Amino acid sequence: MSGWPVEYARRVLSTVDSTNAEAARIAPDMTQPTWILALEQTAGRGRRGRPWTDPPGNFAATLVLHPTEAPHLTALRSFVAALALHDAFVTVSGRPEAFALKWPNDVLLNGGKVAGILLESLGAFRGASYLAIGIGVNLISAPSAAQVEGRAVGPVSLLSGTGAQVTPEEFLDALAEAYASYEAQFKTYGFEPIRQAWLARAAKLGDVITARTGNTERVGTFETLDEHGNLVLRTAQGREAIPAADVFF
């Protein structure tokens with residue numbers, strides 16, 4: 001575990017229902033931030049309760065934290081995690097040009113979705129609140145196009161996109177080191193350096209995209225990410241800041 005951040009604990013499980021569910025179980029007894037890696041996940045899920053498929057060899061992990069900031073600041077860790085994922089991919093593949101970040105919480109490889117992030121509040125135990133940052137990565141295989149929504153970005157794997165064959169344990173080593181660095185930056189300097197770094201890696205910045213919330217769709221130019229992590233679109237009706245949506249290219 002060369003480079004493993006000493007302030008973080010590490011748990012590797014042969015099988016579990018969901019790493020986020022395991023996070024909720026262990027949170028009350030945690031003494032430090034803890035990474036949970038599952039070599040097999042039987043009931044993984046993505047955003048909005050969507051199933052997340054985890055064939056053997058892919059990556060399913062959760063970081064459990066005890067944040068002390070206000071909830072709106074805690075939620076910005078999705079961008080911290082996205083940057084860490086980007087750096088981990090570059091470390092294991094040597095291909096910085098191949099990866100981009102898709103708002104709000106995906107990583108793209110050659111334009112296809114290779115990873116997703118799911119933040120969940122675990123509530124409070126003994127007066128302390130906890131956060132689970134769930135991360136799924138298509139290391140060696142990806143779902144078929146038939147398994148995703150028609151307009152969504154198609155899934156890809158790290159192996160097919162770069163030729164890099166990486167074990168979940170190796171990927172966790174790279175991810176944990178990168179995350180620890182960005183977390184320290186976030187705690188010391190706030191969101192602004194994270195925001196700028198995320199924008200430097202953003203997919204479709206300056207392009208026309210579609211943001212869908214429920215049954216409402218807004219089409220506009222992706223201008224920036226604001227200080228609250230909102231997607232800022234320039235639409236026919238003016239400039240709009242969107243806190244949550246599914247984005248389509």
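Everything numeric here is computed off the predicted structure, so don't read it as measured data. The chain is numbered in sequence order, starting from 1.
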Legend entry - Any donor-acceptor pair under 3.5 Å from E217 side chain to T210 backbone: no
Legend entry - Nearest-0.5 Å distance that lies between atom OG1 in T74 and atom CG in L119: 9.0 Å
Inset, instruction - Find the distance between CZ (R10) and CG (L37) and round it off to the nearest 0.5 Å. - result: 7.0 Å
Inset, instruction - Give the other cluster members for V219, using side-chain heavy-atom distances under 4.5 Å between Ile, Leu, Val, Met, Phe, Trp and Tyr residues; answer none if it is isolated. - result: V208
Legend entry - Short side-chain donor-acceptor distance under 3.5 Å, T216 and T213: no
Inset, instruction - Give a yes or no on whether V156 and V153 share a hydrophobic cluster (residues Ile, Leu, Val, Met, Phe, Trp, Tyr; joining criterion: side-chain heavy atoms under 4.5 Å apart). - result: yes
Legend entry - Side-chain heavy-atom pair P143, N138 within 4.5 angstrom cut-off: yes
Legend entry - CA sep, side-chain torsions, deciding dist, call: I209, L231, side chain to side chain contact (heavy atoms under 4.5 Å, CB included): CA-CA 11 Å; I209 63 174; L231 175 74; 4.2 Å; yes
Legend entry - Ring centres under 6.0 angstrom apart (F191, F79): yes
Inset, instruction - Consider only side-chain heavy atoms of I, L, V, M, F, W and Y, link residues closer than 4.5 Å, and tell whether V247 and V232 are in one cluster. - result: no
Legend entry - Candidate pair E120 and T62, rule side chain to side chain contact (heavy atoms under 4.5 Å, CB included), full reasoning: CA-CA 10 Å; E120 289 186 333; T62 294; over 6 Å; no
Inset, instruction - Establish, from distance only, whether the side-chain atoms of E183 and Y179 form a donor-acceptor pair under 3.5 Å. - result: yes
Please list every donor-acceptor pair under 3.5 Å in which a side-chain atom of residues 161-172 meets a protein atom from a residue at least two apart or in another chain.
from : atom 1 : to   : atom 2 : distance (Å)
T162 : OG1    : L158 : O      : 2.8
T162 : OG1    : A164 : N      : 3.1
T167 : OG1    : E170 : N      : 3.1
T167 : OG1    : E170 : OE1    : 3.3
E170 : OE1    : T167 : N      : 3.0

Inset, instruction - For R77 and P67, work out which heavy atoms get closest and say how close. - result: NH1-CB, 3.8 Å
Legend entry - E69/K187 salt bridge by N-O under 4.0 Å criterion: no
Legend entry - Gap separating the CG atom of L175 from the CZ atom of F89, nearest 0.5 angstrom: 8.5 Å
Inset, instruction - Would you name the heavy atoms of A178 and D87 that are closest together and state the gap between them? - result: CB-CB, 3.9 Å
Legend entry - CG on N58 to CD on E40, rounded to 0.5 Å: 12.5 Å
Inset, instruction - Report yes if some heavy atom in the side chain of P33 is under 4.5 Å from a heavy atom in the side chain of L65; otherwise report no. - result: yes
Inset, instruction - For residues V16 and R25, determine if any side-chain heavy atom of one lies less than 4.5 Å from a side-chain heavy atom of the other. - result: yes
Legend entry - T224 side chain reached by R195 side chain, heavy atoms, under 4.5 Å: yes
Inset, instruction - Spell out, as yes or no, whether a donor-acceptor pair under 3.5 Å connects the side chain of T15 to the backbone of L13. - result: no
Inset, instruction - Locate the shortest heavy-atom distance separating A180 from E7; write the atom from each residue and the value. - result: CB-OE2, 4.1 Å
Inset, instruction - Identify the two heavy atoms, one from L131 and one from S121, that lie closest to each other, and give their separation to 0.1 Å. - result: CD1-N, 4.4 Å
Inset, instruction - Validate the cation-pi geometry between K204 and F222: distance from NZ or CZ to the six-membered ring centre under 6.0 Å, angle to the ring axis within 45°. - result: no
Inset, instruction - Give a yes or no answer on whether the side chain of N105 reaches the backbone of I117 with a donor-acceptor pair at less than 3.5 Å. - result: yes
Inset, instruction - Apply salt bridge (charged side-chain N to carboxylate O under 4.0 Å, His left out) to R201 and list each qualifying residue two or more places apart in sequence or on a separate chain. - result: none
Inset, instruction - Might you point out which heavy atoms bring A81 and I133 nearest each other, and give the distance in Å? - result: CB-CG2, 3.9 Å
Inset, instruction - Quick one: do W198 and L76 satisfy side chain to side chain contact (heavy atoms under 4.5 Å, CB included)? Show the steps, please. - result: CA-CA 11 Å; W198 191 96; L76 295 174; over 6 Å; no
Inset, instruction - Check the pair F249 / D207 against side chain to side chain contact (heavy atoms under 4.5 Å, CB included), numbers first and verdict last. - result: CA-CA 9 Å; F249 301 151; D207 291 352; over 6 Å; no
Legend entry - R239/D226 salt bridge by N-O under 4.0 Å criterion: no
Inset, instruction - For A176 and P5, work out which heavy atoms get closest and say how close. - result: O-CG, 3.6 Å
Inset, instruction - Would you mind reporting whether E177 and T91 have side-chain heavy atoms less than 4.5 Å apart? - result: no
Inset, instruction - Give, for atom CG of L205 and atom OG1 of T221, the distance between the pair rounded to the nearest 0.5 Å. - result: 10.5 Å
Inset, instruction - Measure the CG-CH2 distance between L233 and W103 for me, rounded to the nearest 0.5 Å. - result: 8.5 Å
